[in-house]
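Reading through the structure tokens given below for one structure.
Chain letters run A, B, ... following the sequence lines, proteins first, then strands; residues in each count from 1.
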Protein chains: 2
Amino acid sequence: MARKPDPDQIKLDDAARAGWLYYIAGNTQDEIARKLGVSRQTAQRLVSLAVSARLIKVRLDHPIGRCIDLARQLRDAYGLDRCEVVPADPASASETLGVAQAAAAELERHLVSPHPVIIGMGTGRMLRDMADQVSPMECPQHKLVSRVGHIAPDGSASQFDVVSRIGERVAAPHYPMPLPVIANTVHEKALLLAQPTLRNVIDLATQADITFVGIGTVDDHAALLRDGFVRPEEVRALMKAGGVGEITGWAYDAKGQLIDGLTNDRVLSVPLDHPARRPVTGVAMALGRLKAVKGAMVGRLINGLVTNERMAEKLLEK
Amino acid sequence: MARKPDPDQIKLDDAARAGWLYYIAGNTQDEIARKLGVSRQTAQRLVSLAVSARLIKVRLDHPIGRCIDLARQLRDAYGLDRCEVVPADPASASETLGVAQAAAAELERHLVSPHPVIIGMGTGRMLRDMADQVSPMECPQHKLVSRVGHIAPDGSASQFDVVSRIGERVAAPHYPMPLPVIANTVHEKALLLAQPTLRNVIDLATQADITFVGIGTVDDHAALLRDGFVRPEEVRALMKAGGVGEITGWAYDAKGQLIDGLTNDRVLSVPLDHPARRPVTGVAMALGRLKAVKGAMVGRLINGLVTNERMAEKLLEK
DNA sequence: TCGTTATCTGGGCAAATGCCCAGAATGTAT
DNA sequence: ATACATTCTGGGCATTTGCCCAGATAACGA
């Protein structure tokens, strides 16, 4: 029962204490330094550590009229079941700011339920940032399951194993998919999917009570391209076939119809339900994804959306 | 459907937006001023309004080792079912700082449940500050019921109508108790309690799934004295009879046994269950309440406690 | 034991913040 | 229309913060 005085733990403890004194008790960093018996510089580092280690959570607890309004309009215009719009920072270059937090809050609403829930997950930068915003908690009653592989083309585990990130944070059983996103050949796809251990993961994913997915583009900046899952000529072929977006690797056109053939023949992710009959929430805010998001909603590949004001306005134009 | 542009609402909207840009997007106040098209001073006022209007919620999401430890020790030492300890700011004069927030968070954990819950409430400054920390939400499924009256001796509604404060904030049905805390005579008590409409409130209170109460002292600084419910000589009589604390007006001694007679004959609050068989959480941090808190735990008038480090240490001494 | 590395201290400084003021602009009551 | 109150502006200033530095100190590995 004797506990090791883990130096990292102690430091985080101090950071938490400093953060508490700063943000809750309203102390100045000078006062904190005195109370904790350290220099002001150390105190300032502790406070900023508390923020960067996400010990301190700041959230906005007020419905901004314009955002509520845009969300309602989006729901009506696209027949969404769920929609949340957060403010936009016109100057920020971030592609996830605010939306990742809102999606995390939405996820937490499910996690706090005592009733067991199966939560499906896509991948990508947005969902990874969302994962980092989820509060640590204890929810062994839920299951987190990935719809998509997280193995990079070189065989390494990619940094986008969202399900494991969240699963470890909230102490929930999680089912990652140890595959690449797209197989090299149709034959390889058949081989990989024949693994018996995958059966359970795929079954769980199709039974998910709620699923969160990122929404990718099909263009020169496609995440699939950047991460090396497809070659530039494959992206061009997809674009020629009308592709405007992808969800967990599945490419679709402006009407939200899946592209026939091409890379879709080799995608290893759990097939998309179209139209989605269970709740599937898309999370996206970068303007470059406009057509991709629109297509996903029109084809009802998603029936929920978390985005920001700017994207919401664009989605409602004309 | 045309909405009035309520100026207050617009201002809060702007405050929320400014708060978002400041705390979430990390803008400086200069940038916010430019983006919102106002002066920097106005921006700074909006940001501080967002804080003071509690639009911005900051919470610490990290278990500080020492606090966890103290909570565990308190649970063991006093046989508590629930205990939470928050950090203390040695310099702060506030009598609710931190503990009110923690109690609000605890309350919110019950409020987010989709399953209907009956929540009992005491009164006092601590619970009022706790009420102000509760996030606005929609929970019509729950019921909030007061165990104690909120009518001041002069007949005015006191500022401590905690149940209505929370009930309006979270859109839940609430049942305040339109009585003083203590009647002037035994006869008046019988008359007041005969009101048929009180029956339902009292029944609900005794059925509460969870109850939050403040813990008052019986001394020269007693809240009951300050608020004019008892006279100084009555307090002295209670002290002579061994009184160390009071919960919803019921005075008890160091062993947690209710005082016989005296003001307890005229208290209008719902009688305390002793030992408490349903969850009753006491909320207190001021060191002057040490004996009162100890008595409440020893006599098991409460079986849960929210307090801070300093009080926790005192409670564990010898 | 002696370097090497990481961390803390204390000084210092530019930027950001909180808050004061007087005056302008706006809305309100007479 | 005039006086009054409220709010915003823009200037200004003391405090606080974020971050740089060089030197001191502690921790670690050879």
Please find the pair of heavy atoms, one from A:Ile215 and one from A:Ala284, that lie closest to each other, and give the distance.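 Looks like CB-CB, 4.2 Å.
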Partner set under salt bridge (Lys or Arg N to Asp or Glu O under 4.0 Å) for B:Arg169, not counting sequence neighbours: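 Counting only residues at least two positions away or on another chain, B:Arg169 forms no salt bridge (Lys or Arg N to Asp or Glu O under 4.0 Å).
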Partners of A:Glu168 by salt bridge (Lys or Arg N to Asp or Glu O under 4.0 Å), sequence neighbours excluded?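 Once residues adjacent in sequence are excluded, A:Glu168 has no partner under the salt bridge (Lys or Arg N to Asp or Glu O under 4.0 Å) criterion.
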Do B:Ser135 and A:Arg59 have side-chain atoms, one donor and one acceptor, less than 3.5 Å apart?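 Note: B:Ser135 and A:Arg59 side chains meet the donor-acceptor criterion.
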Covered region of DNA chain C, 5' end to 3' end, by chain B [heavy atoms, under 4.0 Å]: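 Boundary nucleotides touching chain B, in 5' to 3' order, are C:dA16 to C:dC19.
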Looking at residues at least two apart in the chain, or sitting in another chain, which of them share a side chain to side chain donor-acceptor pair (under 3.5 Å) with [X]?
{"X": "A:Thr217", "value": "A:Asp219"}
{"X": "B:Arg82", "value": "B:Thr281, B:Asn303"}
{"X": "B:Gln44", "value": "none"}
{"X": "A:Ser164", "value": "A:Asp161"}

Check whether any side-chain heavy atom of A:Met311 sits under 4.5 Å from a side-chain heavy atom of A:Leu287, and report yes or no.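 Of all side-chain heavy-atom pairs linking A:Leu287 with A:Met311, at least one is under 4.5 Å.
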Is any side-chain heavy atom of A:Met121 less than 4.5 Å from a side-chain heavy atom of A:Ile119?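 Result yes, sub-4.5 Å side-chain heavy-atom pair found.
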How would you list, by chain and number, every residue that makes a side-chain contact (heavy atoms from CB on, under 4.5 Å) with B:Ala312, sequence neighbours excluded?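 Counting only residues at least two positions away or on another chain, B:Ala312 forms a side-chain contact (heavy atoms from CB on, under 4.5 Å) with B:Leu70, B:Leu74, B:Val85, B:Thr307.
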Under the salt bridge (Lys or Arg N to Asp or Glu O under 4.0 Å) definition, can you give me all pairs with a residue in residues 26-48 of chain B, not counting sequence neighbours?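 Pairs touching residues 26-48 of chain B that pass the test: A:Asp89-B:Lys35.
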Axis-to-axis angle between the two ends of the helix from C:dT1-D:dA30 to C:dT30-D:dA1 (five base pairs per end, rounded to 10 degrees):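 Its terminal axes enclose an angle near 40°.
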Identify, residue by residue, the members of residues 41-54 of chain B with a heavy atom below 4.0 Å from DNA chain D, and return them in order of residue number, or none.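 Output list: B:Gln41, B:Thr42, B:Arg45.
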Of all of residues 20-33 of chain B, which get a heavy atom below 4.0 angstrom from DNA chain C, listed by number?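 B:Tyr22, B:Thr28, B:Gln29, in order of number.
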